[in-house]
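Nothing here was measured: the structure is a model prediction, and the numbers come from that model. Residues take their numbers from the sequence shown, with the count starting at 1.
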Amino acid sequence: MPVMKRTVLSLLLLCGLALLTACGNKAVFDESHAITGAWNRFEPENFTVDIQNAEELYDLFLCVSVDTARYRENSLPIHVNVISPVGERRMFPCSITLRDRTGAWKGEWRDGLLVVDKRVRECFSFNREGEHSITVGQGTHYYDINGIRSLRLRLSPTEIEYPE
């Protein structure tokens, strides 16, 4: 295995472990995918989520690791598709902001990569129990983008605070 590939995989594993310990045990789903090479517009990342409680509301988080020497945009547009076990489809667009208004990078720097973790949907209802397919694709106008090293999808039950 080439040294660069081993280094990137090691970085991703360390980032994943650090984020898992920081988040506690609330997540009902937490999975990372390494993206090697260019991320093609027509090749989304696929996640399979087994939902046991359809009555629960969930917050969806996306975390990206970005090589800012390769991807220099201010944000990363994303489209998320959720397909239920019976084939119902729901889609929503979102954007992960990588720079603030002054042009400064947001997120944390880890081993030369910018890591940005963002809640992209809150109070999401799956409507049905069972295995749901969630695809996450890049929504830029480019066919391929370079510099996105990993993508992490995390689902946590929504913490609702009711007024007294």
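- The cationic group of Arg121 lies under 6.0 Å from the six-membered ring centre of Phe92 and within 45° of the ring axis, placing it in a cation-pi geometry.
- The shortest side-chain heavy-atom distance between Cys63 and Val116 does not fall under the 4.5 Å cut-off.
- Pairing each heavy atom of Asp117 with each of Leu62, the nearest pair is OD1-O, 3.4 Å.
- Within the 4.5 Å cutoff, the side chain of His79 has no heavy atoms near those of the Gln138 side chain.
- With hydrophobic clusters built from ILVMFWY side chains whose heavy atoms lie under 4.5 angstrom apart, Ile145 shares a cluster with Ile35.
- Summarising the geometry, atom CD1 belonging to Ile51 is positioned 11.5 Å from atom OG belonging to Ser84; distances are rounded to the nearest 0.5 Å.
- Here the OH-CZ distance, from Tyr58 to Arg154, works out to 15.0 Å after rounding to the nearest 0.5 Å.
- Under the 4.5 Å side-chain contact rule for hydrophobic residues, Ile148 and Ile96 share a cluster.
- Residues Asp144 and Ala38 approach most closely at CB-CB, 3.7 Å, considering heavy atoms.
- Leu60 and Ile83 are members of different hydrophobic clusters when ILVMFWY side chains are connected at heavy-atom separations under 4.5 Å.
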Passes side-chain contact (heavy atoms from CB on, under 4.5 Å), Phe61 versus Arg152? Steps please. CA-CA 8 Å; Phe61 295 85; Arg152 177 180 174 213; over 6 Å; no

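- Between the OG1 atom in Thr97 and the CD atom in Glu73 there is a gap of 13.0 Å [rounded to 0.5 Å].
- Other residues, nucleotides and ligands contribute only 12 or fewer heavy atoms inside 6.0 Å of the CZ atom of Arg70.
- Using a 4.5 Å heavy-atom cutoff, the side chains of Ser133 and Val82 are not in contact.
- Both Ile134 and Phe29 are members of a single hydrophobic cluster when ILVMFWY side chains are connected at heavy-atom separations under 4.5 Å.
- Contact record, Asp50 with Glu131: OD1-N, 3.9 Å, taken as the closest heavy-atom pair.
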side-chain contact (heavy atoms from CB on, under 4.5 Å) between Val115 and Val64, worked out: CA-CA 6 Å; Val115 179; Val64 293; over 6 Å; no

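- With sequence neighbours excluded, the residues satisfying ring-ring contact (aromatic ring centres under 6.0 Å, His included) with Phe124 are Phe126.
- Residues passing the side-chain hydrogen bond (donor to acceptor under 3.5 Å, both in side chains) test with Thr158, sequence neighbours excluded: Asp59.
- For Phe42 and Tyr143, the ring centers sit closer than 6.0 Å to each other.
- Here Phe47 pairs with His33 under the ring-ring contact (aromatic ring centres under 6.0 Å, His included) rule; sequence neighbours left out.
- Side-chain atoms of Val80 and Thr135, non-hydrogen and from C-beta on, never get closer than 4.5 Å to each other.
- The shortest distance between side-chain heavy atoms of Asn81 and Pro44 does not fall below 4.5 Å.
- Of the inter-residue distances, the one linking Leu155 atom CG with Glu56 atom CD reads 10.5 Å to the nearest 0.5 angstrom.
- Nearest approach of Arg128 to His132, heavy atoms of both residues: O-CE1, 2.9 Å.
- Ser150 has its side chain out of reach of Ser32: every pair of non-hydrogen atoms, C-beta onward, lies at least 4.5 Å apart.
- Taken to the nearest 0.5 Å, the CD atom of Glu108 stands 12.5 Å off from the CG atom of Leu113.
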Working for side-chain contact (heavy atoms from CB on, under 4.5 Å), residues Val66 and Leu76: CA-CA 10 Å; Val66 181; Leu76 176 62; 5.6 Å; no

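- Only one option out of Arg110, Arg149, Arg72 pairs with Asp67 in a salt bridge (charged side-chain N to carboxylate O under 4.0 Å, His left out); it is Arg149.
- No single ILVMFWY cluster, assembled from side-chain heavy atoms under 4.5 Å apart, contains both Met91 and Val120.
- Looking at heavy atoms from C-beta onward, Tyr71 lies out of side-chain contact with Asn146 at the 4.5 angstrom threshold.
- Of all the heavy atoms in Lys106 and Leu114, the pair that sits closest is O-CD1, 2.6 Å.
- Looking at every heavy atom in both residues, Ser125 comes nearest to Ala54 through OG-O, 4.2 Å.
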